[in-house]
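Report on the following structure.
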Amino acid sequence: MRTDGISKSFDPNEAEPRLYSEWMNKGYFGAKVNPDKKPFCVVMPPPNITGQLHMGHALDNTLQDILIRYKRMKGFEALWVPGTDHASIATEAKIVEKMREEGLTKEDLGREKFLERAWDWKKQYGGRIVEQLKKLGSSCDWSRERFTMDEGCSEAVKDVFIKYYDQGLIYRGERIINWCPHCLTSISNAEVDYEDQAGAFWHLRYPFEDGTGYVELATTRPETLLGDTAVAVNPKDERYKDIIGKNLILPLVGRKIPVVADNYVDIDFGTGVVKITPAHDPNDFEVGLRHNLEVINVMTDDAKITEDYPKYAGMDRFEARKAIVKDLEEGGYLIKVEPHNHNVGTCYRCGTTIEPRVSLQWFVKMEELAKPAIEAVKTGKTKFVPERFDKNYFNWMEDIRDWCISRQLWWGHQIPAFYCDDCGEIVVTKENSAVCPKCGKPMRQDPDTLDTWFSSALWPFSTLGWPKDTEELKYFYPTNTLVTGYDIITFWVSRMMVAGCAHMNQPPFDTVLIHGLVRDSQGRKMSKSLGNGIDPLEVIAESGADALRFALVTGNAPGNDQRFQQDKIDMGRNFSNKIWNAMKFVLMNCEDDLEFSKVDESKFTLEDKWILNKLNNLISEASSNIENYDYGVALSKIVDFIWECYCDWYIEIAKSRLFDKECPTRLEAQYLLNKVLGISMQMLHPFMPFVTEEVYRNLVIDDKSDSIMISDWPTVIDRYKFDDEEKMMSTLMDAIRSIRNIRSEMGVAPSRKAHIIVVTENDNIASMFVNGKAFLERLASVSGLDTQKDKSGIPATAVACVFAGGEVYIPLGDLIDIDKELERLAKEKENLQKEIDRVNGKLSNEAFVSKAPEKVINAEKEKQAKYLEMFKGVEDRIAMLKNEQ
RNA sequence: GGGUGGUUAGCUCAGCUGGUUAGAGUACUUGCUUGACAUGCAAGGGGUCGUUGGUUCGAGCCCAAUACUACCCACCA
């Protein structure tokens, strides 16, 4: 028996790891430079080494795996490059946190020892997420796995830094930057999350130096008063014309500060007077530059007031706020406090309120670099899917600021800049040490590291060997599709686009496929704090990776968020089970010595031709859906085909041929059952790789590949195009559905088989019913049938159902309840009347007939004829039954 | 303040360039130990497609306005 050794149900926990390691051992995931094939390349967004696989990763990697498996089957040399990201801030924070538990600080350990710990961490946890990705079924070329801090990537980072520096695109300067007092580092604009917070507006008075009164102003951050070095008004503001240039005495501090005029001030907002704190506000910093104001930093790294203000020294900024407000009030400087909501910048890693702060940092000049990257999208060299996300991209890129790339962290790429403490000379070099070219003394390397995204920006080419001029680079670059979430466009996509254009003269990919967020069943973001996250690994353990992938892809459209529900996992698991059972049934009915070489295609029956035509349509439609990245749509079409067409109809119909060992078309049925299921498995494989492989291997298929993974993607088979047969078959199916419907409504027990009479004037239809007798018997509990051209001799108590081209009568004898049947017929008549009225209305509309395309008019006419015929049939029936009463 | 998406059955979502009686899954009701599968099979009920106008022979789809909702961007002290 072919079913020997085949388990009762598919067990993902057993099959998935076995198949995965087999695929890996056989090298199916690998890709190499191969001039005989077209390249297709995807680089994986490298997950953080600190990370654990979450639903976002699961979705992102499932989509990539679908894409890469599809392309591989389509005959491309398909490379999926995996790797991990060092994630400087996140990783360093975790290590520092762990050290804190041991009572240690970074400084206690020193840089070298700290980095040793960090590398240990990487060794311990960096592999964890990789193993988790494998559980998903990801078919990456693991032999090419990379890490953003490995030798090659580090080389690339240095090269880029030096190149930019030499071109004047990287500079070092004192600017106001976003400082995280918790992570103790600068962060870039992109790393700041703004959130609306309830705050207050403190109205203050600053007295004039000459004792002639005071100006009134309002602030949301009274503690920054300590660093005020001016007060600004708008030069056009008539109210304050006379005070420009006068001096004020800063309350609590006693510093003399000028009133300056600057267009930045909005006349209509507040009192029209703004206190200027250049060291702690980006706008004030700009004002300060224009008016040559002193920049006074009043806070330490961890946002405490400095020793310069003894009364508040050591206080946290929010503590200091309270103290200062109290002192202002006592000093009579506080006029009033009103509630006020405002946008507060927070650190995207730790959520701490950002402190804008003047500091010496490294920057990349972005404006020029952004231009070719913008151009690449404008000209369509790179396109976003869905298209609307290019607006998002342009929005960011066209208004881009210089990128602060230095971080006061140890874990990362140390900036390759060296300083001479003697003469102040700066050297930027790849060497590990430098000697001052001016005074010959050893130089000190900048202690800071680079923003993580600086190295990830190079990912599409650093992973292919750059800066070396490798064969891989020539063959696989530019890569093809980048798959990532919309939340990562500014962080990563934009920077890769910039880097690719700058260093490779080509944007790094032709398509950016954007997906949305995976939310919980109530539509909320999955987050640790809410505790509403679903662990993909638990889902895999319970229901298998195929079920998880099914759940993630079902109903997923590019760029859209989706809800994740247990239902979908169950559907996936049920579907696997359905496939498995279909396979078992097929094999159960295939002898060991089948000779498919003896199959005679001229013996294909109506249902054979129907399923083949359906299959052809599926191949062409699903393929084009996949090409368009509509994976959700493609999957549902494939599922519908397998479940409805193949299982619910074709298998059921085929049963009579299989069970009758003498049936002349039995071999053809066996052949097609295997073939059609096999092709369906191939199309389903990118979505559900494991169960499809297992089923494919068990089926009886000629010229079968060793693995479904490396089989050829199915194409439309021209000799199996049977549109007419498909139409005929649907007529039969309609009739079957009608019979079932009536039996169910009349409450006829399934065990009670009925002899039916088909009335039709059309000989083709009549013979179709006769030929389909066997499956009418099976599918509609029919015990036999007659055909005739008119209604003569049909007992009045027969129940009729009408279909296009005729009627089917089911004589049910005394089982029939005439009143009930009349009621049913009346309802049907009413429905038909409505439709006829609608169609008549359309066709009698002059405008419609003269303007609508002929095709549409003809369709309406056909409908009209059909409905009229059916209507007449129903009327006759009613008359007959009434007669009987 | 600017921008983007969503609003279709109780729930989750499809609906391609406007053209059958607006679909699916789930939930619900009913009937089935039908020789693969109860993780299943069959039948059924359920929607004025957010609102209001407009274009058109014809609008869930296109246009305008509006409401609600989610998100992104922005220096208003």
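Here the structure is a predicted model, which is why all the values come from computation and not from measurement. The sequence lines fix the lettering, A, B, ..., with proteins before strands; numbering per chain opens at 1.
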Under-4.0 Å salt bridge between A:E223 and A:R221: yes
Can you identify which nucleotide, out of B:rU12, B:rU20, B:rA74, has its nearest atom closest to the A:K863 side chain? B:rU20
Which nucleotide in the list B:rG44, B:rC71, B:rA77 gets nearest to the side chain of A:E745? B:rG44
Among B:rG35, B:rC57, B:rG25, find the nucleotide with the atom closest to the side chain of A:F659. B:rG35
In whole Å, what is the span from the CG atom of A:D648 to the P atom of B:rA38? 14 Å
Starting at atom CZ of A:F550, determine the distance to atom C1' of B:rG25, rounded to an integer number of angstrom. 9 Å
Starting the side chain at C-beta, find the nucleotide from B:rA43, B:rC57, B:rA36 nearest to A:K655. B:rA36
From the set B:rC57, B:rA36, B:rC13, return the single nucleotide nearest to any side-chain atom of A:N845. B:rC57
Nucleotide nearest A:Y867 when distance is taken to its side chain, options B:rU20, B:rA36, B:rG25: B:rU20
Please state the C1' separation for the pair B:rG47 and B:rU12 - nearest whole angstrom. 15 Å
A:K391 atom NZ is separated from B:rG2 atom P, nearest whole Å, by 16 Å
Considering only heavy side-chain atoms of A:A852, the closest of B:rA77, B:rA43, B:rC57 is B:rC57
Quick one: do the A:N831 and A:E835 side chains pair a donor with an acceptor below 3.5 Å? no
From B:rC71, B:rC37, B:rA77, nucleotide with atom closest to A:V274 side chain: B:rA77
In whole Å, measure the gap between the P atoms of B:rU17 and B:rU7 for me. 15 Å
As a test of reading the structure: which of B:rA74, B:rC57, B:rU26 is closest to the side chain of A:R401, going by heavy atoms? B:rA74
Tell me: CD of A:E644 to P of B:rA36, nearest whole Å? 20 Å
Could you state the atom-to-atom distance from CZ of A:F575 to P of B:rA38 in whole Å? 17 Å
Can a donor-acceptor pair be found between the side chains of A:N532 and A:D520 at a distance below 3.5 Å? yes
Side chain of A:A847: nearest nucleotide among B:rC57, B:rA43, B:rC75? B:rC57
Does A:H340 make a side-chain N or O approach to OP1 or OP2 of B:rA77 shorter than 4.0 Å? yes
By nearest-nucleotide position on RNA chain B, the 5'-leaning member of A:K851 and A:I651 is A:I651
Quick one: on RNA chain B, does A:N189 or A:D281 contact a more 5' nucleotide (nearest heavy atom)? A:N189
What integer number of Å spans the P atoms of B:rG60 and B:rG18? 13 Å
